[in-house]
Amino acid sequence: MPELPEVETIVRAIRPALVGRRITGFEASWPRQVQPSVDAVRAALLGRRVQAVSRRGKYVVLELGGGAGLLVHLKMSGRLCVAEGHGQERPQHQRAVLRLSGGAPLRFYDARKFGRLRFAPELAAALSGLGPEPLDPALGPARFHAMLSARRRQLKPLLLDQSFLAGLGNIYTDEALFRARLHPRRSSAGLDARQARALLAAIRAVLLQAIACAGTSLDWIYPGGRMQARLRVYGREGEPCPRCRAPLRAQAVGQRTAHFCPRCQPAPRSRA
DNA sequence: CGCCATGTTAGAGG
DNA sequence: TCCTCTAACATGGC
């Protein structure tokens with residue numbers, strides 16, 4: 001479910017209630033979601049202090065000092081909140097609880113049980129497989145163009161590949177490709193410098209707008225966002241393109257559904 | 001009942 | 001080596 005803007009929004013929401021607290025307990029009710037194991041994670045966490053809460057790609061990172069940390073990936077339906085009770089959440093969907101000194105516990109809910117909690121002795125090593133952060137100023141247009149040119153993949157699946165670029169999911173890849181006027185099936189190696197620059201700018205613009213909107217809320221899984229009203233193509237097949245009025249289309253690309261304007265985003269001549 | 005879903009990954013095959 | 005696709009994870013909503 002959550003992509004970079006939603007995870008960023010969650011991190012900002014829970015950070016103030018976590019930083020500085022000491023961990024006094026950890027329980028999980030669906031053990032396969034916890035790595036390396038519930039007991040090992042509990043042993044590693046007890047007594048440690050949360051020094052910082054950050055985000056890397058779609059991971060929530062609880063930094064615990066000494067380079068160690070707890071990584072939380074929400075996958076399709078995971079949610080995090082700090083509260084004494086369940087509030088609006090369904091109690092039967094709570095999968096883990098992190099108890100903290102002097103404050104409410106951090107609760108992890110996940111209807112589909114795809115989410116993961118992982119203790120990492122070395123955060124840097126655990127996160128080393130991720131590509132660069134799209135909003136990192138160190139990622140310039142020239143480097144991005146070089147990254148694209150080094151691969152020969154369809155743009156849509158490449159942008160979804162977290163080892164290529166960290167944080168984009170199905171919604172924001174479609175939105176970025178539309179804004180850059182690039183067809184989702186175009187080959188990454190075929191872009192010129194100007195197109196690569198436009199794509200990077202489009203990715204950043206849509207992510208920043210989404211963060212400002214607290215993310216996208218399309219169903220019960222992620223409430224509170226306002227970006228859904230500003231999506232231009234995702235979930236809008238059949239509606240007129242906001243730019244040229246041609247009917248928007250939805251088509252499978254790399255096993256995911258891509259939404260795009262067939263006129264503003266002309267298809268590549270052959271395949272890929 | 002069947003199909004879809006904001007995510008990731010292991011494995012097969014080209 | 002690189003790319004693409006399938007299955008799997010597990011559940012809820014339509």
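A, B, ... follow the sequence lines: proteins, then strands. Residue 1 opens every chain.
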Which stems, defined as runs of 3 or more consecutive Watson-Crick or G-U wobble pairs with both pairing distances under 3.5 Å, involve DNA chain C?
B:2-5 with C:11-14, B:7-14 with C:2-9
Does dT8(B) have its OP1 or OP2 closer than 4.0 Å to a side-chain nitrogen or oxygen of Gln162(A)?
yes
Take atom P in dT1(C) and the same atom in dT8(B), then report the distance between them in whole Å.
25 Å
Between Lys58(A) and Glu3(A), does at least one N-O distance fall below 4.0 Å, as a salt bridge requires?
no
If you measure from the C1' atom in dT6(B) to the same atom in dC3(C), how many Å do you get, rounded?
25 Å
Gln162(A) side chain to Tyr59(A) side chain, donor-acceptor N/O pair below 3.5 angstrom:
no
Gln33(A) atom CD is separated from dT8(B) atom P, nearest whole Å, by 15 Å
Taking only N and O in the side chain of His73(A), is any of them less than 4.0 Å away from OP1 or OP2 of dT8(B)?
yes
Under-4.0 Å side-chain N/O to phosphate OP1/OP2 contact, Gln255(A) with dT4(C)
no
Between CG of Asp161(A) and P of dT8(B) the distance, given in whole Å, is 10 Å
Determine, using the 4.5 Å side-chain heavy-atom cutoff (strictly less than), whether Ile171(A) and Ile10(A) are members of one ILVMFWY cluster.
no
More than 12 heavy atoms of other residues, nucleotides or ligands under 6.0 Å from CZ of Arg22(A): is that the case?
yes
Does CZ belonging to Arg181(A) count more than 12 external heavy atoms closer than 6.0 Å?
no
Without decimals, in angstroms, what is the distance between Ile10(A) CD1 and dG7(B) P?
13 Å
Any side-chain heavy atom of Cys213(A) sitting closer than 4.5 Å to one from Arg230(A)?
yes
Are Asp39(A) and Arg42(A) within salt-bridge range, i.e. N to O under 4.0 Å?
yes
Length of the CG-P vector between Leu74(A) and dC9(C), whole Å
21 Å
dA5(B) phosphate, OP1 or OP2: any side-chain N/O from Ser77(A) under 4.0 angstrom?
no
When clusters are formed by joining ILVMFWY residues with side-chain heavy atoms under 4.5 Å apart, either directly or through shared neighbours, do Tyr222(A) and Tyr109(A) land in the same one?
no
Are Tyr234(A) and dT6(B) close enough that a side-chain N or O sits under 4.0 Å from OP1 or OP2?
yes
How close or far is atom P of dT8(B) from atom CZ of Arg112(A), stated in whole angstroms?
13 Å
For dT1(C), take OP1 and OP2 only and decide whether either is under 4.0 Å from a side-chain N or O of Arg152(A).
no
Does Arg256(A) make a side-chain N or O approach to OP1 or OP2 of dA5(B) shorter than 4.0 Å?
no
Would you say dG12(C) has OP1 or OP2 under 4.0 Å from some side-chain N or O of His93(A)?
yes
Atom CG of Leu159(A) and atom P of dT6(B): how far apart are they, to the nearest Å?
15 Å
Would you kindly give the NE2-to-P distance between His259(A) and dC4(B), to the nearest whole Å?
12 Å
Given dT8(B), is OP1 or OP2 found less than 4.0 Å from the side-chain N or O atoms of Lys75(A)?
no
Between CZ of Arg95(A) and P of dC9(C) the distance, given in whole Å, is 16 Å
Is the distance from OP1 or OP2 of dC9(C) to the nearest side-chain N or O of Arg32(A) less than 4.0 Å?
no
Are Lys58(A) and dG7(B) close enough that a side-chain N or O sits under 4.0 Å from OP1 or OP2?
yes
